[in-house]
S.K.: 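First the structure, then my questions, so here it is.
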Amino acid sequence: MMSLSVKWESFQRMPKMILGLCIVLTVLPGFLARLDMFYIDDMVWFLLLIPCFIFSYYLGFAGGFFAALTVNIYHLLWFIYEKYLRMAELINQELSLHVGVAIVTFLCAIGVGLLSEKLTEKQMQLQSLNQKLKHLALYDSLTSLPNRHYFMERLSEALQGEQFVCLLFVDLDGFKKVNDTYGHEEGDHILKEVANQLNLCCHCHDSMFVSRLGGDEFVVMFVGAGKERSTEIAQEILKKLQLKVHDLRISASIGIAISKHGDTPSSLLKSADTAMYHIKSTGKNAVGA
C-alpha cells in the first residue's frame, strides 16, 4: 500500500537552492501571464511540471502527490480569480486548458514519484546484495568468522607495522572421530562452539583477530605480545577448548609463531602451522612454539 506521508528529514535534505527554484517556478506562470509575456495558448503553466518532478525525485510518491496538489491549487485559484472575479482581458483561454494542465501535472508528478520510489527500492536491494556478497567473500558461512582470504589481508597489514605479530595456529584433536561417529551435523556444532569460545577470548584481549582457515583449523592473530604473553593466551584458549561430544572428548593443539624481520604472511603462517604439527606429533592437547 502506497504511503502518503512525507518525512521532515527527507524534506530537510533537499538542497535549499532547489527548494527556492521550486517556489519560483510555482509562482512564475501567474506572474508571466499577468504581464502578458506569453501568447501561445498559455503554455507557460506547464512550468508547474518542474517543481512536481523535483519533489517527486527527492520525496517519492508522497512528495510528488503533495507538490502536484499544492501547485494546482495555486494554479486553479489564480485562474478562477483572474477569469471570474477580475474578468481580466488577458485571460481568455478555455477552462479546459487549465484543467488539462492540472491533470498532466498530477499524472506526471505521481508517475515520477512512483519511479523514484522504485529506483530507491532497487538501490537499497543492490546495497543489501553487495553487503551479502562482501560477507560471503570475507567470512566463513558456518561459523561467521573471517575466512582465510580476509585473514591473510589483515596479517599482511599487521606485518607492515613496527610491532611483533603473533599467530596461534589451532587444530582440533579428535574432530574427525566426531564426524565419523556422529555425523557432520554434530561436527558443525563443535566448530560453531569452538568459534564462539575463540570469540570470547578475542573480547577479553585487545587487538586479537580470530579466523577459520578451513576444516577444523583456526588461527588467532594479535600484535605486540612476546613469547611469554603469547603462551599465556594460548593456554587460556586451550582450557576453553576442552569439549565433550557424548562419549568423545575434543581438545586442541596450538602452535605459536612470532614474526621476525623479513617474514611474509605465508611464511609466518607456515611457521605457526609447523609448530602445531610438532605438538600433534608429540602428544596433542598442548601448546608449543
Side-chain angles (χ1 to χ4, degrees), residues 126-173 175 187-241 243 250-280 286-289:
L126 285 174
Q127 289 176 349
S128 176
L129 180 60
N130 285 335
Q131 290 176 352
K132 290 179 181 178
L133 290 174
K134 183 179 180 180
H135 190 273
L136 289 173
L138 298 178
Y139 291 87
D140 174 54
S141 59
L142 177 64
T143 63
S144 295
L145 289 177
N147 60 19
R148 176 185 287 268
H149 176 72
Y150 191 11
F151 166 74
M152 295 303 283
E153 284 186 358
R154 290 290 297 268
L155 178 56
S156 178
E157 293 173 3
L159 287 173
Q160 293 175 14
E162 296 180 356
Q163 292 183 301
F164 292 115
V165 178
C166 177
L167 295 187
L168 306 182
F169 200 113
V170 181
D171 187 90
L172 300 182
D173 304 323
F175 179 73
D188 288 347
H189 177 74
I190 289 295
L191 293 175
K192 291 179 182 179
E193 179 61 23
V194 170
N196 182 53
Q197 293 299 326
L198 291 175
N199 272 326
L200 290 175
C201 291
C202 184
H203 293 150
C204 295
H205 301 281
D206 295 335
S207 73
M208 286 182 61
F209 184 79
V210 182
S211 171
R212 182 190 177 198
L213 298 183
D216 61 342
E217 294 180 339
F218 299 82
V219 66
V220 179
M221 175 182 73
F222 47 94
V223 177
K227 184 176 180 181
E228 184 177 346
R229 180 59 179 151
S230 302
T231 303
E232 289 176 2
I233 295 174
Q235 291 289 356
E236 290 179 20
I237 292 174
L238 191 65
K239 291 177 183 178
K240 289 182 178 293
L241 297 186
L243 307 174
I250 301 294
S251 60
S253 297
I254 304 178
I256 302 174
I258 300 176
S259 66
K260 55 186 181 298
H261 181 70
D263 265 332
T264 64
S266 297
S267 66
L268 184 59
L269 184 61
K270 180 65 176 176
S271 297
D273 188 20
T274 302
M276 182 274 296
Y277 272 107
H278 178 70
I279 296 297
K280 282 276 191 185
V287 172

S.K.: Taking side chain as C-beta onward, heavy atoms only, is Gln197 less than 4.5 Å from Val194?
M.R.: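 In short, these two side chains do not touch, never coming nearer than 4.5 Å.
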S.K.: On a heavy-atom basis, which atom in Leu191 and which in Leu172 lie closest, and how many Å separate them?
M.R.: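 Closest pair (atom of Leu191, atom of Leu172, distance): CD2-CD1, 4.1 Å.
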S.K.: Drop me the distance from Asp173's CG to Lys280's NZ, to the nearest 0.5 angstrom.
M.R.: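 Going from CG on Asp173 over to NZ on Lys280, the span is 4.0 Å.
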S.K.: Can you tell me how far CD1 of Ile250 sits from CD1 of Ile190, rounded to the nearest 0.5 angstrom?
M.R.: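 Between Ile190 CD1 and Ile250 CD1, I get 5.5 Å after rounding to 0.5 Å.
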S.K.: Give me each pair satisfying salt bridge (Lys or Arg N to Asp or Glu O under 4.0 Å) with a member in residues 135-155, each pair once, sequence neighbours excluded.
M.R.: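 Listed once each, the pairs are Asp140-Arg212.
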S.K.: Of all the heavy-atom pairs spanning Met221 and Ala158, show the shortest one and how long it is.
M.R.: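 Distance-wise, the nearest heavy atoms are SD-CB, 4.2 Å.
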S.K.: Contact between Leu243 and Phe175 at the side-chain level, heavy atoms closer than 4.5 Å - yes or no?
M.R.: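 Heavy-atom side-chain distance check fails, nothing below 4.5 Å.
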S.K.: CG of Leu241 to CD of Glu193: how many Å apart, nearest 0.5 Å?
M.R.: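 One gets 9.0 Å once the value is rounded to the nearest 0.5 Å.
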S.K.: Could you tell me whether the side chain of Asn199 reaches within less than 4.5 Å of the side chain of Leu145, counting heavy atoms only?
M.R.: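 Yes, at least one pair of side-chain atoms sits under 4.5 Å.
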S.K.: Find the distance between CG (Leu269) and CD (Glu217) and round it off to the nearest 0.5 Å.
M.R.: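 Answer rounded to 0.5 Å: 9.0 Å.
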S.K.: Would a 4.5 Å heavy-atom cut-off, applied to side chains only, mark Phe169 and Thr274 as touching?
M.R.: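 Not touching, per the 4.5 Å side-chain cut-off.
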S.K.: Quick one: are Lys192 and Asn196 in side-chain contact, heavy atoms under 4.5 Å?
M.R.: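 Answer no - side chains too far apart.
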S.K.: Between CD of Glu236 and NZ of Lys239, what distance do you get to the nearest 0.5 Å?
M.R.: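 With rounding to 0.5 Å, CD (Glu236) is 7.5 Å from NZ (Lys239).
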S.K.: Would Asp171 and Ser253 count as having a side-chain donor-acceptor pair, cut-off 3.5 Å?
M.R.: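 Not at all, the side chains of Asp171 and Ser253 share no donor-acceptor pair under 3.5 Å.
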S.K.: Start with the C-alpha distance between Ser259 and Gln163, add both sets of side-chain angles, then the distance that settles side-chain contact (heavy atoms from CB on, under 4.5 Å), and finish with yes or no.
M.R.: CA-CA 9 Å; Ser259 66; Gln163 292 183 301; over 6 Å; no
S.K.: Less than 4.5 Å apart, side chain to side chain, heavy atoms only: is that true for Leu155 and Leu167?
M.R.: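 Leu155 vs Leu167: side chains touch.
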S.K.: Looking at every non-hydrogen atom in both residues, tell me the closest pair between Leu168 and Ser230 and how far apart they are.
M.R.: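 Reported closest heavy-atom pair: CD2-O, 4.1 Å.
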S.K.: Are the side chains of Phe222 and Cys166 in contact, using a 4.5 Å heavy-atom criterion?
M.R.: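 In short, these two side chains touch, coming nearer than 4.5 Å.
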S.K.: May I ask you to test the Ile254-Ile279 pair for a side-chain heavy-atom distance under 4.5 Å?
M.R.: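 SC-SC contact between Ile254 and Ile279 ruled out.
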S.K.: Might you point out which heavy atoms bring Pro146 and Ser211 nearest each other, and give the distance in Å?
M.R.: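 Heavy atoms only, the tightest pair is O-OG, 2.7 Å.
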S.K.: Compare every heavy atom of Val170 with every heavy atom of Ala252, then report the nearest pair and how far apart it is.
M.R.: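 Nearest heavy atoms, Ala252 then Val170: CB-CG1, 4.0 Å.
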S.K.: Where does the angle between the aromatic ring planes of Phe209 and Tyr150 fall among parallel (under 30°), tilted (30 to 60°) and perpendicular (over 60°)?
M.R.: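 Judged by the thresholds at 30° and 60°, the geometry between Phe209 and Tyr150 is perpendicular.
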S.K.: If you count heavy atoms of other groups shown closer than 6.0 angstrom to CD of Gln127, is the number above 12?
M.R.: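 It does: Gln127 CD has more than 12 such atoms within range.
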S.K.: Once you round to the nearest 0.5 Å, how far does CE of Met208 lie from CD1 of Ile233?
M.R.: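 Going from CE on Met208 over to CD1 on Ile233, the span is 5.5 Å.
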S.K.: Could you walk me through whether Leu198 and Ile237 pass the side-chain contact (heavy atoms from CB on, under 4.5 Å) check?
M.R.: CA-CA 7 Å; Leu198 291 175; Ile237 292 174; 3.6 Å; yes
